[in-house]
Amino acid sequence: MSRIGKRPITIPAKVQITIDGTKVVVKGPKGELSRDLPVHVTVSQEGETLQVVRKDDSRTSRQMHGLSRTLVANMVEGVSQGFQRRLEIQGVGYRAQVQGRNLVLNMGFSHQVNIEPPDGIQFAVEGNTNVIVSGYDKEIVGNTAAKIRAVRPPEPYKGKGIRYAGEVVRRKAGKTGGKGKK
């Protein structure tokens, strides 16, 4: 039995769940999410908890059990609390700012990089160098943060670029300046 799959999901107050066959719809104060789950698992609601159960003991059912439980748990957490990813910008002259809903990055290019948020995503900037991507869908928050990081990933020699908060960038030594061969 999947250790993750057999754990029940507690439903917070103000969250409504509708189960229609394999489709699960979760509504909460932050928004509404829906997902079609694989046919190998079923979701049942018992009071204030959800339980994800697999139909049989086949390999694909076992694979989908923990995944489906995690996806439903992320939906419940997203519509009740929301998710956020923090990014740090390092480098002289590199900075970010919010104009309207868009994020404008000055990353040493000849132009500014303008990033429009998808639906349900908000940008916030703290001190010109810390970007916060927040929303209620964990998948879209992560993808948006990855797109921002891809504008200027951290380089290994000086560490300049955009990195996730807490990300460790392995540094390289660089050239030593010794004499070449004759």
I'd like to check [X] versus [Y] (side-chain heavy atoms, cut-off strictly below 4.5 Å). Are they in contact?
X	Y	value
Arg54	Arg62	yes
Val125	Asn130	no
Lys147	Thr144	no
Ile132	Phe123	no

Joint hydrophobic cluster, [X] plus [Y], side-chain heavy atoms closer than 4.5 Å:
X	Y	result
Phe83	Leu67	no
Ile121	Val26	no
Val25	Val52	no
Leu71	Val39	no
Ile115	Phe109	yes

Measure the [atom1]-[atom2] distance between [X] and [Y] for me, rounded to the nearest 0.5 Å.
X	Y	atom1	atom2	result
Thr49	Arg7	OG1	CZ	13.5 Å
Ile148	Leu103	CD1	CG	5.0 Å
Asn114	Leu105	CG	CG	8.5 Å

Considering residues at least two apart in sequence or located in another chain, which fulfil the side-chain hydrogen bond (donor to acceptor under 3.5 Å, both in side chains) criterion with Gln90?
->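 Gln90: side-chain hydrogen bond (donor to acceptor under 3.5 Å, both in side chains) contacts with Arg163.
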Tell me, please, which residues at least two apart from Ser80 pass side-chain hydrogen bond (donor to acceptor under 3.5 Å, both in side chains).
->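 Partners of Ser80 under the side-chain hydrogen bond (donor to acceptor under 3.5 Å, both in side chains) test: none.
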Of the non-hydrogen atoms in [X] and [Y], which two are nearest, and what is the gap between them?
X	Y	value
Ile4	Gly66	CG2-O, 4.0 Å
Gly135	Val141	N-CG2, 3.6 Å
Gln51	Pro8	OE1-CB, 3.5 Å
Ala145	Tyr164	CB-CE2, 4.1 Å
Gly161	Tyr94	N-CE1, 4.0 Å
Ile89	Ala96	CD1-CB, 3.6 Å

Identify every side-chain donor-acceptor pair in residues 150-159 under 3.5 Å, counting partners at least two apart or on other chains, and give the distances.
unit_1	atom_1	unit_2	atom_2	d
Arg152	NE	Met107	O	3.2
Arg152	NH2	Met107	O	2.7
Glu155	OE1	Tyr157	N	3.0
Glu155	OE1	Lys158	N	3.4
Glu155	OE2	Lys158	N	2.9
Glu155	OE2	Gly159	N	3.4

Pairs where residues 98-108 contributes a residue and the test side-chain hydrogen bond (donor to acceptor under 3.5 Å, both in side chains) is met, not counting sequence neighbours |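 Residue pairs with at least one partner in residues 98-108: Asn106-Gln112.
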Please, which pairs that meet side-chain hydrogen bond (donor to acceptor under 3.5 Å, both in side chains) have at least one residue in residues 21-42, sequence neighbours excluded?
->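 Every side-chain hydrogen bond (donor to acceptor under 3.5 Å, both in side chains) pair that includes a residue of residues 21-42, provided the two are not neighbours, is Arg35-Glu139.
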Residues forming a salt bridge (Lys or Arg N to Asp or Glu O under 4.0 Å) with Glu167, sequence neighbours excluded =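 Counting only residues at least two positions away or on another chain, Glu167 forms a salt bridge (Lys or Arg N to Asp or Glu O under 4.0 Å) with Arg149.
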Any residue meeting salt bridge (Lys or Arg N to Asp or Glu O under 4.0 Å) with Asp56, in chain and number order, not counting sequence neighbours |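 Partners of Asp56 under the salt bridge (Lys or Arg N to Asp or Glu O under 4.0 Å) test: none.
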Any pair counted as salt bridge (charged side-chain N to carboxylate O under 4.0 Å, His left out), so long as it reaches [range], sequence neighbours left out:
range	answer
residues 82-98	Arg86-Glu126
residues 41-51	none
residues 63-83	none

Partners of Leu33 by side chain to side chain contact (heavy atoms under 4.5 Å, CB included), sequence neighbours excluded?
->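 Scan of Leu33 (side chain to side chain contact (heavy atoms under 4.5 Å, CB included), adjacent residues dropped) gives Met75, Val79, Tyr136, Asp137.
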Show every donor-acceptor pair shorter than 3.5 Å between a side-chain atom in residues 9-18 and any protein atom, with sequence neighbours excluded, or say none if there are none.
none

Stepwise side chain to side chain contact (heavy atoms under 4.5 Å, CB included) check, Leu87 with Val133 | CA-CA 8 Å; Leu87 298 155; Val133 181; 4.2 Å; yes
Ser61 (side chain) donor-acceptor with Asp57 (main chain) under 3.5 angstrom |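 No; judged by distance alone, with no hydrogens or angles, the pair does not exist.
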